[in-house]
Amino acid sequence: MLESIGVRPEDERVYRELLSRPEASQRDLAAALDRGAAEVGRSLTRLEELGLVHRLPGQPARMRAARPDVAVDALVDRRREELARTQLAARALLAEMPAEERYRPEEIIEVLVGRAAIAARFEQLLSTTRHELMVLDRPPYVADPRRSDNSVRRLLRAKVRVRGIYAPEALELPGALEEVQDAAGVGEQSRVHNGLPMKLAIGDRRLAILPVGAQSADAAVCIRPSTLLDALVQLFELLWAQATPIVAPAQEGRFSDRQLAALLASGAKDDAVARRLGASTRTLSRRIAELMDHLHVRTRFQAGVQAVRLGWLDSSVHDVEGPDDRLVDR
């Protein structure tokens, strides 16, 4: 299990045996595993270098296993850093290739056929992104959204910048609005746009994945560094500038005009909005009517647009109740 982070199978057996004991000597472990003391000693030395075991004071020397959740996480982070350095070195090696070989069309564009292949490459993109992830999100989906959400949370914990632009129909799926707002609450920069032309994922501005057809999830293309990839990055930035920020959720039972306007601008339906805000549909209808009356607009979408013009949905503004926020009577 631990071989992928540099632990030999024979060393892992020693570590697992030590996990089942508060402490043990080299002789104890050799007897329990039916191995030579010198062989176990070499395993302990390697495990100690990896931070998986440590020596206790006193004689004879006794060993204790480090907590796996802490020690293994540290080794995983170390391996990620090593892989990132290897990736950078590989890019530097490109300069040694002839230009006609570096820019062959088949090296820039790769066609993926089948949902399984697309889902696997998307997970690979998520697992190798180190600095920034940019996503245009709209149905249909080829991967389990919950698995992708977990991968995005891992990126956020690793301080990777994550920006997502969602189509309104993506927020209509069961639990989708709650998941997006929760992600916004833990660091994802999320916006909604009524006119997303396609699905798209870009990792570190070095690899993009997008479907071949707008309504099909059976084929996709991978785009590597090129003017085409640069154009996709620019498209994302243009859509980002036009999109409406998604506000993190309020405390249960209370919600502000800013949060209500953000949900209206997202295109979410009344039942999804009421469920997310913890309000009855009757209360929600009253609040929407009051908000539209105050903003002098006639449609929900116009209310969202007007909220953007007033700066309510500026992502740099915290959702704190104040004179500009409590704009209509409760």
Side-chain angles (χ1 to χ4, degrees), residues 1-7 12 50-52 68-94 107-166 170 176 179-180 182-184 186-190 198-212 217-226 228-229 232-233 236:
M1 184 179 95
L2 301 180
E3 195 169 3
S4 61
I5 54 174
V7 181
E12 183 176 343
L50 292 171
L52 288 171
D69 55 340
V70 176
V72 172
D73 281 355
L75 287 175
V76 169
D77 289 341
R78 185 191 305 177
R79 181 55 58 92
R80 285 199 190 107
E81 292 174 1
E82 292 171 353
L83 292 173
R85 287 194 293 269
T86 302
Q87 285 178 319
L88 291 174
R91 293 189 186 95
L93 288 174
L94 280 174
E107 299 297 331
I108 296 174
I109 300 177
E110 175 189 2
V111 179
L112 304 172
V113 179
R115 294 185 174 224
I118 299 170
R121 185 55 59 87
F122 179 63
E123 284 298 322
Q124 183 184 46
L125 180 145
L126 293 179
S127 65
T128 57
T129 297
R130 296 290 177 268
H131 305 290
E132 182 180 29
L133 175 68
M134 298 181 284
V135 175
L136 302 182
D137 188 297
R138 55 175 292 179
Y141 299 104
V142 297
D144 183 351
R146 290 171 296 183
R147 182 175 178 182
S148 299
D149 291 340
N150 291 335
S151 298
V152 170
R153 295 297 180 97
R154 177 187 58 78
L155 291 177
L156 291 171
R157 288 194 297 271
K159 308 302 182 184
V160 173
R161 186 188 188 195
V162 178
R163 290 192 287 166
I165 308 177
Y166 296 86
E179 180 61 36
V180 170
D182 288 345
V186 296
E188 178 180 313
Q189 299 175 48
S190 308
M198 60 188 177
K199 293 165 62 72
L200 174 68
I202 304 174
D204 290 338
R205 305 187 180 221
R206 63 176 179 78
L207 179 66
I209 301 177
L210 66 156
V212 172
D218 296 323
V221 291
C222 292
I223 310 295
R224 294 183 174 83
S226 58
L228 179 55
L229 179 57
L232 291 173
V233 171
F236 180 91

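Computed over heavy atoms, backbone and side chain alike; hydrogens, waters and symmetry mates excluded. Numbering starts at 1 and runs along the sequence shown.
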Are [X] and [Y] close enough that some pair of their side-chain heavy atoms sits under 4.5 Å apart?
| X | Y | answer |
| --- | --- | --- |
| I202 | L125 | no |
| L210 | L232 | yes |
| L229 | R205 | no |

Among residues at least two apart in sequence or on other chains, which ones pass side-chain hydrogen bond (donor to acceptor under 3.5 Å, both in side chains) with [X]?
| X | result |
| --- | --- |
| S127 | none |
| R130 | none |
| R78 | none |

Cationic N near anionic O, under 4.0 Å, K199 to D137: no
Check ion pair R153-E188 (N to O, under 4.0 angstrom): no
Chi angles and distances behind the side chain to side chain contact (heavy atoms under 4.5 Å, CB included) call for L207, R224: CA-CA 5 Å; L207 179 66; R224 294 183 174 83; 4.0 Å; yes
Between [atom1] on residue [X] and [atom2] on residue [Y], distance to nearest 0.5 Å:
| X | Y | atom1 | atom2 | answer |
| --- | --- | --- | --- | --- |
| Q124 | S151 | CD | OG | 12.5 Å |
| L126 | L155 | CG | CG | 6.0 Å |
| I223 | I109 | CD1 | CD1 | 4.5 Å |
| I165 | F236 | CD1 | CZ | 4.0 Å |
| T129 | R161 | OG1 | CZ | 14.0 Å |
| L133 | Q189 | CG | CD | 11.5 Å |

Step-by-step side chain to side chain contact (heavy atoms under 4.5 Å, CB included) determination, V221 to L112: CA-CA 6 Å; V221 291; L112 304 172; over 6 Å; no
Residue pair R206 / T128, side-chain donor-acceptor N/O under 3.5 Å: yes
Minimum-distance pair of heavy atoms, taken over all atoms of I209 and A220: CG2-CB, 4.3 Å
Over all atoms of both residues, closest heavy-atom pair of V160 and E132: CG1-N, 3.8 Å
L75 vs L50, side chain to side chain contact (heavy atoms under 4.5 Å, CB included): CA-CA, chis, key distance, verdict: CA-CA 7 Å; L75 287 175; L50 292 171; 4.0 Å; yes
D204 side chain vs H131 backbone, donor-acceptor pair below 3.5 Å: yes
